[in-house]
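Numbers here simply count residues along the sequence, with the first being 1.
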Amino acid sequence: MEQSKLDRINELYRKSKAEGLTDEEKEEQKILRKEYVQLVHNNLRGQLDNIQFLNPDGTITDAKPRNKK
């Protein structure tokens, strides 16, 4: 995510605590937060997908993917 978007998320948060947001700003904040959460989720999923286990016999096993609903 671009630094400018992160800065905007923080700016909107501070403004919401200080004076409140307009409806347009609330919608912008909602969209930016959703994008941020999706990015964090994708990064975490990528890290978890790359986990491998070293077995006592020296072999390496990939983590098994979770069953998707």
Practice prompt. State whether R8 and E11 are salt-bridged, where the test is any N-O pair (Lys NZ or Arg NE/NH1/NH2 against Asp/Glu carboxylate O) under 4.0 Å.
Written response: yes
Response to the item:
Separation between CD (E28) and CD (E25), nearest 0.5 Å, reads 7.0 Å
Worksheet item: What's the shortest heavy-atom distance between L6 and M1, and which atoms?
Response: CD2-SD, 3.6 Å
Discussion item. Same cluster or not: I9 versus L39, using hydrophobic residues (I, L, V, M, F, W, Y) connected whenever any side-chain heavy atoms lie under 4.5 Å apart?
Written reply: yes
Worksheet, complete the sentence: What one should report as the nearest heavy-atom pair of S16 and Q29 is OG-NE2, 4.4 Å
Worksheet item: Around atom NZ of K30, are there more than 12 heavy atoms of other residues, nucleotides or ligands at under 6.0 Å?
Response: no
Discussion item. Is it the case that over 12 heavy atoms from other parts of the model lie below 6.0 angstrom from the CD atom of Q3?
Written reply: yes
Fill in: Co-membership, hydrophobic cluster, residues L32 and V40, 4.5 Å side-chain
yes
Fill in: Within-4.5 Å side-chain heavy-atom neighbours: L44 and H41
no
Discussion item. Hydrogens and angles aside, do N42 and Q38 bring a side-chain donor and acceptor to less than 3.5 Å of each other?
Written reply: yes
Discussion item. Can you tell me how far apart CG (D62) and CD (Q52) are? Round to the nearest 0.5 Å.
Written reply: 4.5 Å
Worksheet entry | N55 side chain vs D57 backbone, donor-acceptor pair below 3.5 Å | no
Fill in: Separation between OG1 of T59 and CG of L54, rounded to the nearest 0.5 Å
7.5 Å
Fill in: Spacing of CG belonging to L12 relative to CG belonging to D7, to within rounding of 0.5 Å
11.0 Å
Response to the item:
When rounded to the nearest 0.5 Å, the distance separating OG1 of T22 from CD of E27 is 10.5 Å
